[in-house]
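So you know, we letter chains A, B, ... as the sequences are listed, proteins then strands, and number each from 1.
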Amino acid sequence: MLLGFINPAPRFSLITSSTRSIKSFLPHKLVQFFKQCTRSHSHHPSLLVEEEHIISLLHKHPTRNRYIQIHSQLITSGFHRRRPLDETQLIIWNTLIRVYSQAPFPEEAINLYKLIFHEITPSSVSYDSFTFSFLFKACANVQNPIIGSQIHAHIVKFGFEIHVYVQTALVNMYLMCECLNEGIKVFDEMPVRNHVTWNVVITGLTRMGDINLARHIFDDMPGKTIVSWTGIIDGYVRLNRHTEALSLFRQMTLVEGIMPTEITVLTFLTSVWKTGSFDLLQSLHAYSVRTGFISSDIRVTNSFIDTYVKCGSIDYGFELFQEVPRKQKNLITWTTIISGLAMHGKAKEAVNHFQEMENEGLKPNRVTFLSVLNACSHGGLIEQGREFFEKMVNVYQIIPDIKHYGCMIDMFGRVGMLEEAEKMAMEIPTDIINVIIWRTLLGACSYHGNAEMSERAMKKIFELERDYSGDYVLLSNTFSGAGRFDDAETIRNIMDGRNVLKVPGLSLSFTN
DNA sequence: CCGGTAAGTG
């Protein structure tokens, strides 16, 4: 049976049960349409006009709620039972399927497909290539290749298997569901391909980490587009193969004369900073100003600010930050600069920018708080750090995660406020506590020579992770530093007894 | 009056 294992119950009863309140949201003309629709059981000429109106509404009001409202009205008015389907109705259903196929509930598209189409015999007007393209998108988004392969069977049955758009969507679906063999098989057997088909394969393979096959197909591809180049460059970036990403980028721009888009820039900036290519950063920046990427896409601007900071130039980053008009700065813009200032030791300025951001009416989230707490920690701004932490919890009702705690403990620990640090560590819920916390405290104890607390921290570390050798060494050193050579000796013996290898160069700093 | 592809901005 067709899609038999999908929950067969129409899921819209919840929505239609509050039909009255939904109606009040609907545009006047749409309400009119539904009145006519429910009154007439036959096809009234004016209905067609109104159906076209629905289509225009589907375009004008692209919010998800709007679609759900329209959907529930269609169901309550019996629209889905009208047979045979004509082209206008099909467009309406396809539009709904397209909208549902995107996040956050793509399975709704499949439910709708089942509800509307499953009783229709192939001889009547029913599906078209659009329907199946959207459905494959939905399967890709729910990561369900089982349903996908069932619908694959449907396109064979209903004669869409050699439609380029449908097949491309099918290949994409298989690759996005990590069904490599199925995806490649369909691709190999396609009688007609276009550039999108190739791009789907290249990006699908890079997403799966198969850069060699992706590169092979990329090299074979006729008429590479910017999407192809971006896809393959992204593949290398994901695998941290930045030199190769750089060389492909150069080849693309210098040899092929293909210019990057916003997406290429966003992807590629990672490689720019990992390779420290400051010249390239500056020319990309100039290019992005010239093309308008910087002024039109805040994500690009944010990424440039961040890249400048990570390449060591807080000055350029800050300059760019200031060039962004107030109204365009979003939470990430602010978080980026706060974190950048913190990284460059400008704690006071980071704190000031946090406050400025609040004055702008933006609501900080956990990342913003982490950045500002980090600034306080590095800058020794204990009281402000404490205030921020409390504000986060009490005013913004953000539950601290392990990184926030770690930051606070680091902050207290650095200046020798070990009791405060330990107290905070003890308050961390057991389900999120990790060994890094106690190591941070242990590092602080070691630095400030508190042997008793070291013991307690060690005990916690023993509980959480018995074989981490660095802790033994630190504890041993701490005991030695405190004159407790016997204890230090004991620790060394424990280490020997456990065959613990001392791994040099492990940082105790808070990184994760 | 509907289609298929690229994304680490903190």
Within residues 305-323 of chain A: residues closer than 4.0 Å to DNA chain B (heavy atoms) | A:D306, A:K310
Within residues 261-272 of chain A, the residues having a heavy atom closer than 4.0 Å to DNA chain B are A:T261, A:I263, A:L266, A:T267
To the nearest Å, how far apart are [X] [atom1] and [N] [atom2]?
X: A:H344; N: B:dG10; atom1: NE2; atom2: C1'; value: 14 Å
X: A:D128; N: B:dG4; atom1: CG; atom2: C1'; value: 13 Å
X: A:I232; N: B:dA7; atom1: CD1; atom2: P; value: 13 Å
X: A:K224; N: B:dT5; atom1: NZ; atom2: C1'; value: 16 Å
X: A:F136; N: B:dC2; atom1: CZ; atom2: P; value: 22 Å
X: A:Y174; N: B:dG4; atom1: OH; atom2: P; value: 20 Å
X: A:N199; N: B:dG3; atom1: CG; atom2: P; value: 19 Å
X: A:F132; N: B:dG3; atom1: CZ; atom2: P; value: 17 Å

Could you go step by step and tell me if A:E356 and A:K329 meet the salt bridge (Lys or Arg N to Asp or Glu O under 4.0 Å) rule?
-> CA-CA 12 Å; A:E356 207 181 314; A:K329 290 187 174 94; over 6 Å; no
So, is A:R238 close to the B:dG8 phosphate, meaning a side-chain N or O under 4.0 Å from OP1 or OP2?
-> yes
Think A:R98 has a side-chain N or O under 4.0 angstrom from the OP1 or OP2 of B:dC2?
-> no
Cation-aromatic face contact A:R98/A:F130, 6.0 Å, 45 degrees = no
If you write DNA chain B from 5' to 3' in dot-bracket form, with Watson-Crick or G-U pairs under 3.5 Å, [ ] for crossing pairs and | for pairs with another strand, what do you get?
-> ..........
Presence of donor-acceptor pair under 3.5 Å, side chain of [X] and base of [N]:
X: A:T336; N: B:dG10; answer: no
X: A:S339; N: B:dG10; answer: no
X: A:N194; N: B:dG4; answer: yes

Base, sugar-phosphate alone, or nothing: which one does [X] contact when heavy atoms must sit under 4.0 Å apart?
X: A:F134; value: base
X: A:L331; value: base
X: A:T197; value: base
X: A:V367; value: base
X: A:V164; value: base

Does the side chain of A:T131 come under 3.5 Å of the side chain of A:N94 through a donor N or O and an acceptor N or O?
-> yes
Does a donor on one side chain sit under 3.5 Å from an acceptor on the other, for A:H285 and A:Y308?
-> yes
Which nucleotide wins on minimum distance to the side chain of [X], given the candidates [options]?
X: A:R207; options: B:dC2, B:dG10, B:dA7; value: B:dA7
X: A:I91; options: B:dG10, B:dC2, B:dG4; value: B:dC2
X: A:V196; options: B:dG4, B:dA7, B:dA6; value: B:dG4
X: A:V227; options: B:dG4, B:dC2, B:dT5; value: B:dT5
X: A:T230; options: B:dA6, B:dG4, B:dC2; value: B:dA6
X: A:T95; options: B:dT5, B:dC2, B:dG4; value: B:dC2
X: A:S129; options: B:dG3, B:dC1, B:dA7; value: B:dG3

Partner set under side chain to side chain contact (heavy atoms under 4.5 Å, CB included) for A:C177, not counting sequence neighbours =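 Listed in chain order: A:P145, A:M173, A:C179.
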Please name all residues satisfying salt bridge (charged side-chain N to carboxylate O under 4.0 Å, His left out) with A:D219, sequence neighbours left out, ordered by chain then number.
-> A:R215
What pairs with A:E390 under salt bridge (charged side-chain N to carboxylate O under 4.0 Å, His left out), at least two apart in sequence or on another chain?
->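 Scan of A:E390 (salt bridge (charged side-chain N to carboxylate O under 4.0 Å, His left out), adjacent residues dropped) gives none.
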How about [X] and [Y]: are their ring centroids closer than 6.0 Å?
X: A:W334; Y: A:F321; result: yes
X: A:F354; Y: A:F369; result: yes
X: A:W198; Y: A:F187; result: yes

Answer yes or no: is there an ion pair linking A:K185 with A:E189, defined by an N-O contact shorter than 4.0 Å?
-> yes
With the threshold set at 4.0 Å, does a side-chain nitrogen-carboxylate oxygen contact exist between A:D297 and A:R299?
->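 Salt bridge flag = yes for A:R299 with A:D297.
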Among A:D306, A:V367, A:L362, which residue meets the side chain to side chain contact (heavy atoms under 4.5 Å, CB included) test with A:T335?
-> A:V367
